[in-house]
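Everything on this sheet refers to the single structure shown next.
Numbers restart at 1 for each chain; the letters A, B, ... are given by sequence-line order, proteins then strands.
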2 protein chains.
Amino acid sequence: MSDNLASKITDSELEVMKLLWCAKDALPVTAIREQLQESKGWEPATIKTLISRLVSKGAVLQEKRNVYYYSPAITEKEYSSWATKDLITRIFNGKASDLIASLVNSDGLSQEDIAELRDMFKVEE
Amino acid sequence: MSDNLASKITDSELEVMKLLWCAKDALPVTAIREQLQESKGWEPATIKTLISRLVSKGAVLQEKRNVYYYSPAITEKEYSSWATKDLITRIFNGKASDLIASLVNSDGLSQEDIAELRDMFKVEE
DNA sequence: TCGCTTAAGCTACAATTGTAAACTGTTATT
DNA sequence: AATAACAGTTTACAATTGTAGCTTAAGCGA
């Protein structure tokens, strides 16, 4: 994913992306509005603005039917792995293992997390 | 670290923080300026603004001597572990292991990283 | 067919951020 | 002492972000 795509997804916009990622198919504004209006307390106009901005920046595709249907142009995995790499670059001087070390040394991991990780790296072997 | 501290350190401000974290002692503006002016191409005025904003938001302390000397009010570890948790909350729905899984599955880790991690979780045992 | 609802597009506006100049007072140098 | 240089403070200004209203046109129910 290019820097000028994901880097520009803001916090509010991300809420819209999350919704679209959950949906199996493209959604009309109505469906998006229904969910975000309650969960986020946003006005319809706000939601429309966020969608428009996401379309402009190429993070969401629109497909013309009766009304427009919207779907993500990038997958959640693409985005999250981009965001992770971005964090590593900006904060951990490019060292991924420093990120994980930081997690391990700062009660950032639950017991289950640690168990999962142990498995993960056992299997790798 | 409280949310309203670290969350507000912006990208440009972070460059100043990094410099202060590297320094063993508090630094006067002169020293900060010398390093950032060249590496970042910032005007002295820009650097002063960033320092002021960091002081206002409590991320940097100033100590009056002849001129002010500036030092970080939060450690790099505090900040980076806050930033990591923030990423996990915002993007990985609070699951730290999802972050690591994403790293593992997206060529985000070098061979050395993986070796280090294997050690990390071997030792944990 | 006539409104009502609402999608789509345009405009708005305050807060934050990136970047920096202007002003003011102090210090160091000649 | 006069001046240059610069720290500290205030102000500036455009771009981005969060939040939302207004207008226009179209579809849907009575």
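- Judged as a side chain to side chain contact (heavy atoms under 4.5 Å, CB included), and not counting sequence neighbours, the contacts of A:A23 are A:L27.
- Note: OH (B:Y69) to P (D:dA7) measures 11 Å, nearest angstrom.
- As a whole-Å value, the separation of A:K8 NZ from D:dT16 C1' is 9 Å.
- Among A:V16, A:V60, A:L14, the single residue meeting the side-chain contact (heavy atoms from CB on, under 4.5 Å) criterion with A:I9 is A:L14.
- Minimum atom distance to the side chain of B:Y68 is reached by D:dG8, of the listed D:dG8, D:dG18, C:dT17.
- Side-chain N/O atoms of B:D113 and B:S110 include a donor and acceptor closer than 3.5 Å.
- Following chains of ILVMFWY side-chain contacts shorter than 4.5 Å, one cannot reach B:L20 starting from B:L61, and the two form parts of different hydrophobic clusters.
- Look at CG on A:L54: it is 14 Å from P on C:dA8, rounded to the nearest Å.
- The hydrophobic cluster containing A:I114 also contains B:I88, counting ILVMFWY residues as joined when their side-chain heavy atoms lie under 4.5 angstrom apart, directly or transitively.
- Rounded to whole Å, atom P of C:dA7 lies 15 Å from atom CZ of A:R65.
- Connectivity analysis of hydrophobic side chains (ILVMFWY, heavy atoms under 4.5 Å, direct or indirect) links B:V67 to B:Y69.
- Listed by chain and residue number, B:W42, B:E43, B:L50 satisfy the side chain to side chain contact (heavy atoms under 4.5 Å, CB included) test with B:T46 (two or more places apart in sequence, or in another chain).
- Sequence neighbours left out, the pairs with a member in residues 97-110 of chain A that pass salt bridge (Lys or Arg N to Asp or Glu O under 4.0 Å) are A:D107-B:K85.
- Across A:K18, A:R53, A:K57, a single residue satisfies salt bridge (Lys or Arg N to Asp or Glu O under 4.0 Å) together with A:E13, and that is A:K57.
- Dashed line: the shortest gap from a side-chain N or O of A:T10 to OP1 or OP2 of D:dG18 is under 4.0 Å.
- The distance between atom CG of B:L50 and atom C1' of C:dT19, rounded to the nearest whole Å, is 8 Å.
- Counting any heavy atom pair closer than 4.0 Å across all strands shown, A:Y70 reaches sugar-phosphate atoms only and no base atom.
- If you check residues 21-40 of chain A against DNA chain C, the residues with a heavy atom closer than 4.0 Å are A:V29, A:T30, A:R33, listed by number.
- Atom-to-atom, CD1 of B:I51 to P of C:dT17 comes out at 17 Å; the value is rounded to the nearest Å.
- In this structure, B:E13 and A:S52 both approach DNA chain C, and ranking their closest nucleotides by distance from the 5' end singles out A:S52.
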Tabulate atom names and distances for all N/O pairs under 3.5 angstrom spanning the protein and nucleotides 20-27 of chain C.
residue: C:dA20; atom: OP2; partner: B:E43; partner atom: N; Å: 3.4
residue: C:dA20; atom: OP2; partner: B:T46; partner atom: OG1; Å: 3.1
residue: C:dA20; atom: O5'; partner: B:T46; partner atom: OG1; Å: 3.4
residue: C:dA20; atom: N7; partner: B:T49; partner atom: OG1; Å: 3.1
residue: C:dA20; atom: N6; partner: B:T49; partner atom: OG1; Å: 2.6

